[in-house]
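Below: the structure, in structure tokens.
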Amino acid sequence: MPVIRVALPVPLRQHFDYLLPDNIQVSQGCRVRVPFGKRELVGVVWQLAPDSPYEQTQLKAVSAVLESSPVLSERLASRLCCS
């Protein structure tokens, strides 16, 4: 499964890596629902196919893609959050 990096509305200055199931298509800037701890959050896809430092067995899968076209442009999505 491919890996995507997601910006989430949490007080941590970092992005989070998730697995993208093979039957789901997503673009940078789309909103996705992902598991985060004991809850699910809505975040924005920040990066497609990043070099993840984690093994795929450590990553959780995206629960749902909330729209088929991005809500943010690639330029805005790439500027979300951290450095």
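All values below were derived from every heavy atom in this structure, side-chain atoms included, with hydrogens, water molecules and symmetry-related copies excluded.
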same_hphob_cluster([X], [Y]) at 4.5 Å side-chain heavy-atom cutoff:
X: Y54; Y: W46; answer: no
X: V65; Y: V34; answer: yes
X: I24; Y: L41; answer: yes

Quick check: do [X] and [Y] have side-chain heavy atoms less than 4.5 Å from each other?
X: E67; Y: R31; value: yes
X: V3; Y: L20; value: no
X: C30; Y: V71; value: no
X: L48; Y: V26; value: yes

First locate atom [atom1] of [X], then atom [atom2] of [Y], and finally report the distance between them rounded to the nearest 0.5 Å.
X: L59; Y: D17; atom1: CG; atom2: CG; answer: 6.0 Å
X: H15; Y: S52; atom1: NE2; atom2: OG; answer: 13.5 Å
X: Q14; Y: R5; atom1: CD; atom2: CZ; answer: 10.0 Å

Open item on the list: Let's go through R33 and L66 carefully: what are the C-alpha distance in whole Å and the side-chain angles of both, what is the deciding distance for side chain to side chain contact (heavy atoms under 4.5 Å, CB included) to 0.1 Å, and is it a yes or a no?
Closed with: CA-CA 7 Å; R33 184 178 302 124; L66 301 180; 3.6 Å; yes
So, [X] side chain and [Y] main chain: donor-acceptor pair closer than 3.5 Å or not?
X: Y18; Y: P35; value: yes
X: Q56; Y: M1; value: yes
X: E40; Y: S63; value: no

Open item on the list: Holding to side chain to side chain contact (heavy atoms under 4.5 Å, CB included), I want the full list of residues that pass it with D51, two or more places apart in sequence or in another chain.
Closed with: none
- [ ] Output every pair passing ring-ring contact (aromatic ring centres under 6.0 Å, His included) with a member in residues 23-42, not counting sequence neighbours, ordered by first then second residue.
- [x] F16-F36
- [ ] Check V32 against V45 and note the closest heavy-atom contact, atom names and distance.
- [x] CG1-CG2, 3.7 Å
